Amino acid sequence: SLVYWSGGSQQQLAVGWTLIDSAAAANSFADLIDAAARPFDDNTSISGAINFGVPLFTGNGFEGDRLVMDISGDGVNNSGPSLAS
């Protein structure tokens, strides 16, 4: 899945959970990402992204061996809860 995020209350699921089990599936997922417009351009709330993303691991129709959240940002956590909490 792809979640866009910015400030403490700015998170949006842009592409839902997708099984990528072939080159065609990977290309299709890449096309969905390419077509998704970035909805936010504001503060940086890494904690907000984590808090939004954690519940997405349950009830998503997939059962994985590992739960991994890869967060990419362009700054320090300057909005929302502290990362220490």
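Note that the coordinates shown come from a computational prediction; the quantities given were computed from them, not determined experimentally.
Side chains of Asp41 and Ser6 form no contact here, defined as non-hydrogen atoms less than 4.5 Å apart. Taking 4.5 Å as the limit, every side-chain heavy atom of Tyr4 sits out of range of all side-chain heavy atoms of Gln11. At least one side-chain heavy atom of Ser1 sits under 4.5 Å from a side-chain heavy atom of Leu13.
When all heavy atoms are compared, the tightest approach of Ser82 to Ser47 is O-CB, 4.1 Å. When all heavy atoms are compared, the tightest approach of Trp5 to Ile71 is CZ2-CG2, 3.5 Å. Closest approach of Thr44 and Val76 over heavy atoms only: CB-O, 3.3 Å. The two residues Ser45 and Gly7 make their nearest non-hydrogen contact at CB-C, 3.5 Å. Between Val15 and Ile33, the shortest heavy-atom distance links the atoms CG2-N, 4.2 Å. Nearest approach of Met69 to Ala49, heavy atoms of both residues: SD-O, 4.3 Å.
With hydrogens and angles disregarded, no donor-acceptor distance shorter than 3.5 Å links the side chain of Arg66 to the backbone of Val68. With hydrogens and angles ignored, the 3.5 Å screen pairs no side-chain donor or acceptor of Asn51 with any backbone N or O of Pro55. Between the side chain of Asp34 and the backbone N or O of Ala30, no donor-acceptor pair lies under 3.5 Å.
Follow the hydrophobic side-chain contacts under 4.5 Å out from Leu83 and you reach Val3 in the same cluster. Note on Leu19: it clusters hydrophobically with Phe57, by side-chain heavy-atom contacts below 4.5 Å among ILVMFWY residues. Residues Ile20 and Trp17 fall into different hydrophobic clusters, defined by Ile, Leu, Val, Met, Phe, Trp and Tyr side chains chained together at heavy-atom separations under 4.5 Å. In terms of hydrophobic clustering, with Ile, Leu, Val, Met, Phe, Trp and Tyr side chains grouped at heavy-atom distances under 4.5 Å, Ile46 and Phe52 are assigned to a common cluster.
Not counting sequence neighbours, Phe29 has no partner by the ring pair (Phe, Tyr, Trp, His ring centres under 6.0 Å) test.
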